K.L.:
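One structure follows; several queries about it will come next.
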2 protein chains.
Amino acid sequence: MSEQQRPPRRVTLKDVAKRAGVSHQTVSRAINDKGEIDPETRRRVLEAARQLNYRPSRFARGLVSPGATTLGLVVSDVENPFFPELIAGVIEAAEERGWQVLISSTQNHSGREPDVIRTLAAQADVVIGYLSAPDDTLAAAAGGLPLVVMGRAVGEPAFGAVEVDTDAGVRAAVAYLVARGHRAIGMIDCGDDGQPDRRPAFVAAMAAHDLTVTDDLIAEAELTVEGGAAAFTHLRTTRPDVTAVFTFNDMLALGVYRAARRLDVRIPDDCAVIGFDGLPLGELIDPPLSSVALDKRRMGAIAVAEAARLLAGEPAGRAVLPVELVIRGSA
Amino acid sequence: MSEQQRPPRRVTLKDVAKRAGVSHQTVSRAINDKGEIDPETRRRVLEAARQLNYRPSRFARGLVSPGATTLGLVVSDVENPFFPELIAGVIEAAEERGWQVLISSTQNHSGREPDVIRTLAAQADVVIGYLSAPDDTLAAAAGGLPLVVMGRAVGEPAFGAVEVDTDAGVRAAVAYLVARGHRAIGMIDCGDDGQPDRRPAFVAAMAAHDLTVTDDLIAEAELTVEGGAAAFTHLRTTRPDVTAVFTFNDMLALGVYRAARRLDVRIPDDCAVIGFDGLPLGELIDPPLSSVALDKRRMGAIAVAEAARLLAGEPAGRAVLPVELVIRGSA
DNA sequence: TTGTATGCGTTATCAG
DNA sequence: CTGATAACGCATACAA
């Protein structure tokens with residue numbers, strides 16, 4: 001479907017110049033509103049430009065004088081409610097610096113990350129992304145282009161990173177549940193593809209309370225609402241004694257809600273639920289979802305700041321995004 | 001906050017050439033993997049390039065041979081759940097054509113549209129957007145750049161447009177409510193800023209059933225969840241006989257839900273609700289929200305197709321996006 | 001006020 | 001296989 005229409009040759013400054021009967025330099029003056037030009041000449045030139053539908057070449061301009069910095073942004077799925085806030089944060093931070101944002105999505109196929117990065121690299125000065133490919137794969141794709149990874153730790157020293165303080169968040173969630181008397185706490189984890197640090201963080205947090213997490217306390221779910229529902233149903237079958245669940249993220253928690261309704265399990269009375277991410281939609285459901293909340297907007301802003309550092313030639317940094325346990329109605 | 005770091009002069013082909021002891025042309029060959037080059041020379045050049053951290057200038061490249069088409073996308077608020085799907089549709093459609101997407105947001109300030117468009121125009125080959133500024137304002141900002149407007153009708157013949165079949169949707173919604181026995185049907189409208197066609201469509205649809213819409217049947221709301229709640233509370237006070245409401249969009253419907261809970265009004269028993277937009281989150285709430293649904297993803301795809309037409313020099317088109325009344329639990 | 005000449009970094013053409 | 005040389009479209013000294 002890659003249609004390329006033969007460009008009927010651009011209209012250039014010279015074309016306008018010829019039409020207006022002046023030199024291309026004069027046209028440049030008129031177009032860019034430089035002072036030193038006769039108003040009448042200017043009018044004529046502008047008119048000629050309009051007639052020819054002249055538009056300056058951004059390439060030629062960029063070549064002559066560095067234009068705005070362009071930042072490439074890679075996300076995995078624009079429709080996943082996790083990302084809009086992140087994207088908004090990036091766009092705003094970029095705009096504050098006068099940067100432009102080139103966005104692209106891997107459409108939930110992390111294998112496409114290298115490709116997407118390579119494509120972006122051709123047009124962007126720096127790339128930031130919520131990336132899950134291994135460091136060396138990313139490095140190869142970026143090929144020297146400054147890169148900032150959000151949402152996880154990175155090993156590659158050249159990359160900037162905005163990590164998430166998962167441990168602290170999960171610890172707070174577990175501590176809260178334990179304080180409320182829960183002992184049999186399950187987790188709905190996601191298969192792969194996602195951050196692999198949530199589960200160990202959960203296990204460690206439980207251990208801190210002398211609670212052992214046996215395998216049957218963890219149900220793996222596909223990363224969709226229905227996946228969460230299925231996992232909870234499964235968990236509820238194998239471990240009917242579970243009185244609370246921590247989910248990999250809010251989307252899976254939504255699945256828990258759905259399954260709970262089917263199973264006639266009341267939240268939070270029969271089973272407490274704590275999610276992860278702190279999506280705004282958690283407030284809309286009933287009961288409102290408690291969650292380990294991330295300031296995704298801020299994550300985006302930090303990533304942009306990190307990108308600016310890299311661009312300035314400063315050494316890559318490792319920012320850590322704090323998290324906050326937000327207790328609403330579900331736990 | 002507009003920091004510009006002094007670019008320490010780019011590393012160019014010539015720098016690499018000097019370092020590798022070859023001509024800049026040979027470097028070009030090595031970089032672009034052209035065949036005609038000695039493997040050893042190539043290795044040396046690539047090594048030099050790596051050491052210097054050389055990266056080709058997209059401007060110079062673009063100047064010499066037209067690179068990928070860049071599409072500018074303007075939305076008013078990335079976090080508004082209406083847009084992510086639209087954006088996803090645009091990104092996917094663009095990618096299918098090998099285009100790149102430059103995104104920017106007016107951050108709910110429609111007055112910024114001209115500025116945003118002007119900025120985008122410097123880097124994009126065509127711009128599409130969910131725009132509410134008057135046609136002539138947009139035309140001035142675009143300055144000859146091909147422009148596609150989504151979500152409303154346009155007068156300017158040069159613009160592409162993706163309109164929404166609001167009338168049909170509202171007609172279906174009202175017909176449905178009337179068929180269910182409702183007579184006193186209210187509307188939660190939004191002040192300004194939004195599409196101004198929803199309200200007249202409602203009035204007309206009601207008239208088709210010999211129902212007159214008096215002013216007290218319409219409550220104006222600020223375009224937020226709380227705004228919707230306040231408006232419903234007001235409507236419910238002035239017209240307690242109302243048994244159904246049509247809301248300007250789903251977000252306002254969410255507000256109706258919130259207010260209904262406070263007022264102890266049951267949905268749909270005490271009052272039926274039909275929203276507009278068909279946001280996915282409508283499925284998550286209880287009862288699931290009935291809505292006049294738009295295929296936002298498709299809207300984006302159509303807009304991109306329209307952009308391609310304009311770029312190809314074809315005359316601007318007027319696509320109409322069909323809508324669908326989706327009945328879930330709230331009506 | 002206007003025109004001429006130069007260079008920005010690449011790629012392409014055409015010699016060597 | 002490699003190296004000059006010429007565009008690409010524009011902006012900016014500098015000259016007229």
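Reminder, nothing fancy here: chain letters follow the sequence lines and each chain counts from 1. From a predicted model like this one, the values you see are computed outputs, not experimental measurements.
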K.L.:
To the nearest Å, how far apart are B:K34 NZ and C:dA12 C1'?
P.N.:
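The answer, rounded to whole Å, is 9 Å.
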K.L.:
How far apart are the closest heavy atoms of B:L147 and B:L310, and which atoms are they?
P.N.:
O-CD1, 3.6 Å
K.L.:
Give me each pair satisfying side chain to side chain donor-acceptor pair (under 3.5 Å) with a member in residues 134-145 of chain B, each pair once, sequence neighbours excluded.
P.N.:
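Matches after skipping sequence neighbours: B:D135-B:R152.
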K.L.:
Report the residue (B:T41 or B:V64) whose heavy-atom-nearest nucleotide on DNA chain D is the more 5′ of the two.
P.N.:
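Per heavy-atom nearest nucleotide, the more 5' residue is B:T41.
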K.L.:
Separation of A:N32 atom CG from D:dT12 atom P, in whole Å?
P.N.:
7 Å
K.L.:
Base, sugar-phosphate alone, or nothing: which one does B:L13 contact when heavy atoms must sit under 4.0 Å apart?
P.N.:
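It contacts base atoms.
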K.L.:
Using whole Å, what does the distance between atom P of nucleotide D:dA15 and atom CD of A:Q25 come to?
P.N.:
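Taking atom P of D:dA15 as the reference, CD of A:Q25 is at 15 Å.
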K.L.:
Please list, by residue number, the residues of residues 44-58 of chain A whose heavy atoms come closer than 4.0 Å to an atom of DNA chain D; answer none if no residue qualifies.
P.N.:
A:Y54, A:P56, A:S57
K.L.:
Can you tell me which nucleotide in D:dC8, D:dC10, C:dT1 comes closest to the side chain of A:T12?
P.N.:
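Given the options D:dC8, D:dC10, C:dT1, the side chain of A:T12 is closest to D:dC10.
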K.L.:
Within less than 4.0 Å of OP1 or OP2 of D:dC1, is there a side-chain N or O belonging to B:R29?
P.N.:
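For B:R29, the contact criterion (side-chain N or O under 4.0 Å from OP1 or OP2 of D:dC1) is not met.
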K.L.:
Rounding to an integer number of Å, can you tell me how far B:H24 NE2 sits from C:dT11 P?
P.N.:
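Atom-to-atom, B:H24 to C:dT11, this comes out as 9 Å.
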K.L.:
Which residues pass the side-chain contact (heavy atoms from CB on, under 4.5 Å) test with A:A301, not counting sequence neighbours?
P.N.:
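A:A301 satisfies side-chain contact (heavy atoms from CB on, under 4.5 Å) with A:A93 only.
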